[in-house]
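First the structure, in the form of structure tokens, and then the observations on it.
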Amino acid sequence: MRGDGDGWVVDPDGSRYWGRNGAAGLLLRAPLSDGSTGILLQHRAVWSHQGGTWGLPGGARDSHESAIDTAIREADEEAGIGDSALRVVAALVTHQAPSGWTYTTVIAEVDQPVDTVANFESAELRWVREDDISELPLHPGFENAWPMLQERINALDPRS
């Protein structure tokens with residue numbers, strides 16, 4: 001079902017952003033069996049905008065939704081996380097375009113990696129160690145936001 005947020009916003013310089021009301025994605029963290037922390041990443045289908053890159057499940061924000069609601073809905077649509085007992089710990093605007101369009105990254109945690117089911121927008125879903133994320137070909141927006149997100153994660157969960 002299409003929402004009222006589906007559609008492109010085009011900035012004066014020609015940059016295009018998906019989501020008439022902005023967009024949001026879910027950075028879902030979980031402890032891995034090796035003692036590290038993993039993040040659920042989506043390998044974007046090649047036909048999609050910035051296809052072939054790795055990023056967060058997410059998408060267009062509908063007019064009646066908060067960024068948190070959008071991120072959770074989109075993660076369920078794209079990764080099948082269902083009603084996982086996730087705990088939202090932060091929400092950050094990680095990109096703002098000249099037009100006013102924003103992308104909000106919602107950071108949430110679960111007690112263990114949840115099972116996922118990829119939809120047609122995903123080539124693959126994978127739990128990736130936080131320390132290994134930079135080794136993947138990342139979606140440009142996620143790549144630019146990753147240092148800021150790491151700082152926020154460290155503030156929430158300082159490493160000894």
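Scope of the values below: all heavy atoms of this structure, side chains included, with no hydrogens, waters or symmetry mates.
Under the 4.5 Å side-chain heavy-atom criterion for ILVMFWY residues, no single connected hydrophobic cluster contains both Trp18 and Leu26. Leu40 and Val110 fall within a single hydrophobic cluster, where Ile, Leu, Val, Met, Phe, Trp and Tyr are joined by side-chain heavy atoms under 4.5 Å apart, directly or via other members. One hydrophobic cluster, built from ILVMFWY side chains closer than 4.5 Å, holds both Leu156 and Leu92. Hydrophobic clustering keeps Leu27 apart from Ile72 (ILVMFWY residues linked when any side-chain heavy atoms are closer than 4.5 Å, directly or through intermediates). Linking ILVMFWY residues whenever their side-chain heavy atoms come closer than 4.5 Å, directly or via other members, leaves Val89 and Leu28 in distinct clusters.
Interatomic distance, CD of Gln42 versus CD of Glu74, reported as 9.0 Å (0.5 Å rounding). Rounded to the nearest 0.5 angstrom, Leu86 CG and Arg29 CZ are separated by 13.5 Å. Considering CD1 of Ile81 and CG of Asp115, their distance stands at 12.0 Å, rounded to 0.5 Å. Atom CD of Glu130 sits about 5.0 Å away from atom CH2 of Trp146, to the nearest 0.5 Å. Separating the CG atom in Leu41 from the OG1 atom in Thr116 is a distance of 11.0 Å, to the nearest 0.5 Å. A distance of 7.5 Å separates CG in Leu149 from CG in Leu56, rounded to the nearest 0.5 Å.
Within 6.0 Å of atom CD in Gln96, more than 12 heavy atoms from other residues, nucleotides or ligands are found, so the atom counts as buried in its surroundings. The environment of CG in Asp34 is crowded: more than 12 heavy-atom neighbours from other residues, nucleotides or ligands sit within 6.0 Å.
Ring planes of Tyr17 and Trp101: parallel class, angle under 30° (limits at 30 and 60°).
Note on Arg87 versus Asp111: salt bridge recorded, some NZ/NE/NH1/NH2 to OD/OE distance being below 4.0 Å.
Within the 3.5 Å criterion, the main-chain N or O of Gln150 finds a donor-acceptor partner in the side chain of Asn154. Between the Trp127 side chain and the Val114 main chain, a donor and an acceptor come within less than 3.5 Å of each other. In this structure a side-chain-to-backbone donor-acceptor pair under 3.5 Å is missing from Asp4 to Asp62. With hydrogens and angles disregarded, no donor-acceptor distance shorter than 3.5 Å links the side chain of Arg129 to the backbone of Gly38.
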**Request:** Might you work through the side chain to side chain donor-acceptor pair (under 3.5 Å) test for Asn21 and Ser63, ending with a clear yes or no?
**Result:** CA-CA 6 Å; Asn21 306 302; Ser63 61; 4.9 Å; no
**Item:** Worked check of side-chain contact (heavy atoms from CB on, under 4.5 Å) between Val93 and Thr104
**Value:** CA-CA 4 Å; Val93 173; Thr104 302; 3.8 Å; yes
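When only modelled atom types and interatomic distance are considered, Ser122 and Glu78 share no side-chain donor-acceptor pair under 3.5 Å.
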